[in-house]
Amino acid sequence: AAGSFPPSAAALRVKLMDWLVENEDAPIADTPVKDWVMWDSGCSVPAYAKRMRLHGWGGGIEMAAFSHLFDMDVHVYERHHGGGGYSYKRISRFEPQSNTTAGDDDDVDDGDR
């Protein structure tokens, strides 16, 4: 079941870090959370969570945790300038464990993921 949304960004940060600590063996793209954290930060999940509860920019690890915790897809887009305007390209997609849907939306040109 999906979690409830916290009332503030700070509360969301704490909730995401709690999820990481409680689920360090959970797979993200067939790799345990603890391995992603070690590769990204060089430290254990508890040490990473302790630091990130207070400060720091979230990234892929936090987006994956959000996806799992709230049971929803997270799509990340990057703005591109060209051709007289702006366009957006999807650069990442994070899916919860419960999502067994195969394929992509036909109306999104996301290039490489």
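Index from 1, following the sequence. Predicted model only: the values in this text are computed from it and were never measured.
Between atom OH of residue Y77 and atom CZ of residue R93 there is a gap of 8.5 Å, rounded to the nearest 0.5 Å. For the atom pair M52 CE and M17 CE, the distance stands at 5.0 Å (nearest 0.5 Å). Rounding to the nearest 0.5 angstrom, the gap separating the OG atom in S87 from the NE2 atom in H81 is 10.0 Å. F94 contributes atom CZ, which lies 12.0 Å from atom CZ of F66 (distance to the nearest 0.5 angstrom). Rounding to the nearest 0.5 angstrom, the gap separating the NZ atom in K34 from the CD1 atom in I28 is 13.0 Å. Atom CH2 of W36 sits about 8.5 Å away from atom CD1 of I61, to the nearest 0.5 Å.
Counting heavy atoms from C-beta on, the side chains of W39 and T31 come closer than 4.5 Å. Between R51 and C43 there is a side-chain heavy-atom pair separated by less than 4.5 Å. With a 4.5 Å cut-off on side-chain heavy atoms, W19 and H68 count as touching. Put simply, the side chain of R13 does not reach to within 4.5 Å of the side chain of L54, judged on heavy atoms.
Clustering ILVMFWY residues whenever any of their side-chain heavy atoms sit less than 4.5 angstrom apart, transitively, puts L69 in the very cluster that holds V76. In the hydrophobic clustering of this structure, V21 groups with Y48; members are Ile, Leu, Val, Met, Phe, Trp, Tyr whose side-chain heavy atoms approach within less than 4.5 Å, directly or through other members. With hydrophobic clusters built from ILVMFWY side chains whose heavy atoms lie under 4.5 angstrom apart, M38 does not share a cluster with M63. Cluster annotation: V74 and I91 are assigned to the same hydrophobic cluster (Ile/Leu/Val/Met/Phe/Trp/Tyr, side-chain heavy-atom contacts under 4.5 Å, transitive).
Summarising the geometry of S67 relative to P96, their closest heavy-atom pair is OG-N, 2.9 Å, with the distance given to 0.1 Å. Between P32 and D25, the closest heavy-atom pair is CB-O, 4.1 Å.
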